[in-house]
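Working notes, structure below.
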Amino acid sequence: MWAIAIKEFRQLRRDHRTLALMVMAPLLLLVVFGYAARFDVEEVPTIVVGEAAGLRLPDVLRVVETRSGDRADAVEALRRGEAAAAVVAGPTPEVLVDGAELFSAQAVLRALGAVRTPGAAPPGTRPRVEVLFNPGLETSAVMVPALAGMILVFIGTLITSLGVVRERQAGTLEQLAVMPFRPRDVFLGKVAPYFVVAAADLALVLAVGVWLFDVPFRGSLATFALGALLFLFVTLGMGVLVSSVSQNQGQAIQLAMMLLLPQVLLSGMIFPVASMAAGVRWISYVLPLTYFIRIARGVMLRAAPIDALWSSLGLLAALGSSVFGLAVLRFRRDLASARPRRGRVATAAGGAP
């Protein structure tokens, strides 16, 4: 028994990649998520529509813009995701809150509850509050769009990486390399099944969420499909990249989980991005799931138009182009290295080496 244990320790010491993941990954995750795991939102971006003279608002409502207009303009600003709250100034002020931003909406309601206590504001300036797009502040309404993105990350990154690594371990990648296929055809043939499965799972999750949990789908299906397509290209590229640097399925699982966990916890799916420490918040801005969640919630809950989502769609397209392009190059290199040299082919055929 001791001999076997010593052998395993020696093998583990030689496997520097696995050893680094076992030691450094828990410390890194602890530090990052320790600063990110907060539900309290201290500041909510707010737009003021009209003249706000004499209106007292809690500190949580951070005014980012003051514009002229009426209530319809305030609703449209929230629909387009320009802010999480809007104040319509007037004789009876009104605060409109975006219910799609669950934690921000709850923070505003708590703060305005304190404002409405006797003596907190002059008579006639107490704002009326209305929650839009998710009036009941249902958790399922904001979680189902995010879960749809997590399904794409899981299949695109983890399952795809395992499938490609399995080909390398089984030796079939070398067989594909000597067949009269172009590398592009082999690559597309490998990722196409995962693309179809991920799209089917996405449709299933959305259908069950809408039917079982009464999650609304108010926006354009084409806009949602475009965001899902761009996001899926990113996740499939990440899966192929993970497989290209993994020697076995164990390493592929470890690396895929290192990519999966930050996207689940730092993308705004569970913890609001606005509540994260500034040193950690920047990580969420390089995660593709962050932008897909914005698109999914914007389309499903707010019926956001496509021009209001161009920034998120553009960033997904940029990430998809870079990651997918790099994955194609890595896959072509692996396929080229799997091709036997002419000398080996001649030896296998009975010729001179």
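Because only heavy atoms are used, hydrogens play no part in the values below, and waters and symmetry mates are left out as well, while side chains stay in.
- Residues satisfying the side chain to side chain contact (heavy atoms under 4.5 Å, CB included) criterion with Asp214, sequence neighbours excluded, are absent altogether.
- Enclosure of atom CG in Asp307 by more than 12 non-hydrogen atoms of other residues, nucleotides or ligands within 6.0 angstrom is indicated.
- Looking only at distances, a side-chain donor or acceptor of Gln263 sits under 3.5 Å from a matching main-chain atom of Leu289.
- The shortest distance between side-chain heavy atoms of Glu42 and Val60 does not fall below 4.5 Å.
- Evaluated for a side chain to side chain contact (heavy atoms under 4.5 Å, CB included) with Pro288, the options Leu232, Val323, Val234, Leu315 yield exactly one hit, Val234.
- Taking 4.0 Å as the cut-off between side-chain N and carboxylate O, Arg67 and Glu82 count as a salt-bridged pair.
- Ala228 approaches Leu152 most closely through the heavy-atom pair O-CD1, 4.2 Å.
- Using modelled atom types, one side-chain atom of Ser322 and one backbone atom of Leu319 make a donor-acceptor pair closer than 3.5 Å.
- At a threshold of 4.5 Å between side-chain heavy atoms, the hydrophobic network of Ile, Leu, Val, Met, Phe, Trp and Tyr places Leu261 and Phe271 in one connected group.
- Without hydrogens or angle criteria, Asp73 side chain to Glu76 main chain gives no donor-acceptor distance under 3.5 Å.
- Considering OH of Tyr291 and OG of Ser267, their distance stands at 11.0 Å, rounded to 0.5 Å.
- At distances below 3.5 Å, at least one donor-acceptor pair connects side-chain atoms of Arg330 with backbone N or O atoms of Ser244.
- Leu316 and Gly227 make their closest contact through CD1-O, 3.9 Å (heavy atoms, listed as atom of the first residue, atom of the second, distance).
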| How far apart are the C-alpha atoms of Leu309 and Arg294, what are their side-chain angles, what is the distance that settles it, and do they pass the side-chain contact (heavy atoms from CB on, under 4.5 Å) test? | CA-CA 8 Å; Leu309 302 171; Arg294 291 180 182 178; 5.7 Å; no

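- Annotation for Ala85 and Leu61: closest pair CB-CD2, 4.0 Å, computed over non-hydrogen atoms.
- Taking the side chain as every heavy atom from C-beta outward, Val153 and Phe231 approach each other to under 4.5 Å.
- When hydrophobic clusters are built by joining Ile, Leu, Val, Met, Phe, Trp and Tyr residues whose side-chain heavy atoms come closer than 4.5 Å, directly or via intermediates, Ile293 is grouped together with Leu230.
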| task | Apply side-chain contact (heavy atoms from CB on, under 4.5 Å) to Val87 and Val49, showing your working. | result | CA-CA 6 Å; Val87 178; Val49 178; over 6 Å; no

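- Proximity of Leu313 to Ile306: side-chain heavy atoms (C-beta onward) are separated by under 4.5 Å at one or more points.
- The shortest distance between side-chain heavy atoms of Tyr285 and Val273 falls below 4.5 Å.
- Cluster partners of Val88, using a side-chain heavy-atom cutoff of under 4.5 Å among ILVMFWY residues and allowing indirect links, are Val75, Leu78, Leu96, Leu132, Phe133.
- Ring centroids of Phe217 and Phe224 are separated by less than 6.0 Å, placing the two rings close together.
- Placement of Val142 and Phe213 within a single hydrophobic cluster is found when ILVMFWY residues are connected by side-chain heavy-atom separations under 4.5 Å, directly or transitively.
- Val165 is not connected to Met258 by any chain of hydrophobic side-chain contacts under 4.5 Å among Ile, Leu, Val, Met, Phe, Trp and Tyr, and they are in different clusters.
- Counting all heavy atoms, side chain and backbone alike, Ile253 lies closest to Leu158 at CA-CD1, 4.1 Å.
- Contact of the Met269 side chain with the Met143 side chain is registered, since non-hydrogen atoms from C-beta on lie closer than 4.5 Å.
- Using modelled atom types, one side-chain atom of Arg281 and one backbone atom of Met276 make a donor-acceptor pair closer than 3.5 Å.
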| task | Walk me through it: do Leu229 and Phe195 pass the test side-chain contact (heavy atoms from CB on, under 4.5 Å)? | result | CA-CA 9 Å; Leu229 178 65; Phe195 182 91; 3.5 Å; yes

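- Contact check for Leu137 versus Leu109: side-chain heavy atoms found under the 4.5 Å cut-off.
- Salt-bridge check for Arg71 with Glu130: passed, with a basic side-chain N closer than 4.0 Å to an acidic carboxylate O.
- When all heavy atoms of Ala100 and Leu301 are compared, the closest pair comes out as CB-CD1, 3.6 Å.
- The shortest non-hydrogen separation linking Ala77 to Ile47 is CB-CD1, 3.9 Å.
- Side-chain atoms of Leu266 and Leu287, non-hydrogen and from C-beta on, do get closer than 4.5 Å to each other.
- The backbone N or O of Glu101 sits nowhere less than 3.5 Å from a side-chain atom of Ser104 that would complete a donor-acceptor pair.
- Taking the side chain as every heavy atom from C-beta outward, Met300 and Val215 approach each other to under 4.5 Å.
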| query | Stepwise, does the salt bridge (charged side-chain N to carboxylate O under 4.0 Å, His left out) test hold for Arg302 with Asp98? | reply | CA-CA 9 Å; Arg302 299 195 301 263; Asp98 182 7; 3.1 Å; yes

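- A continuous path of ILVMFWY side-chain contacts below 4.5 Å connects Leu204 to Leu147, so both sit in one hydrophobic cluster.
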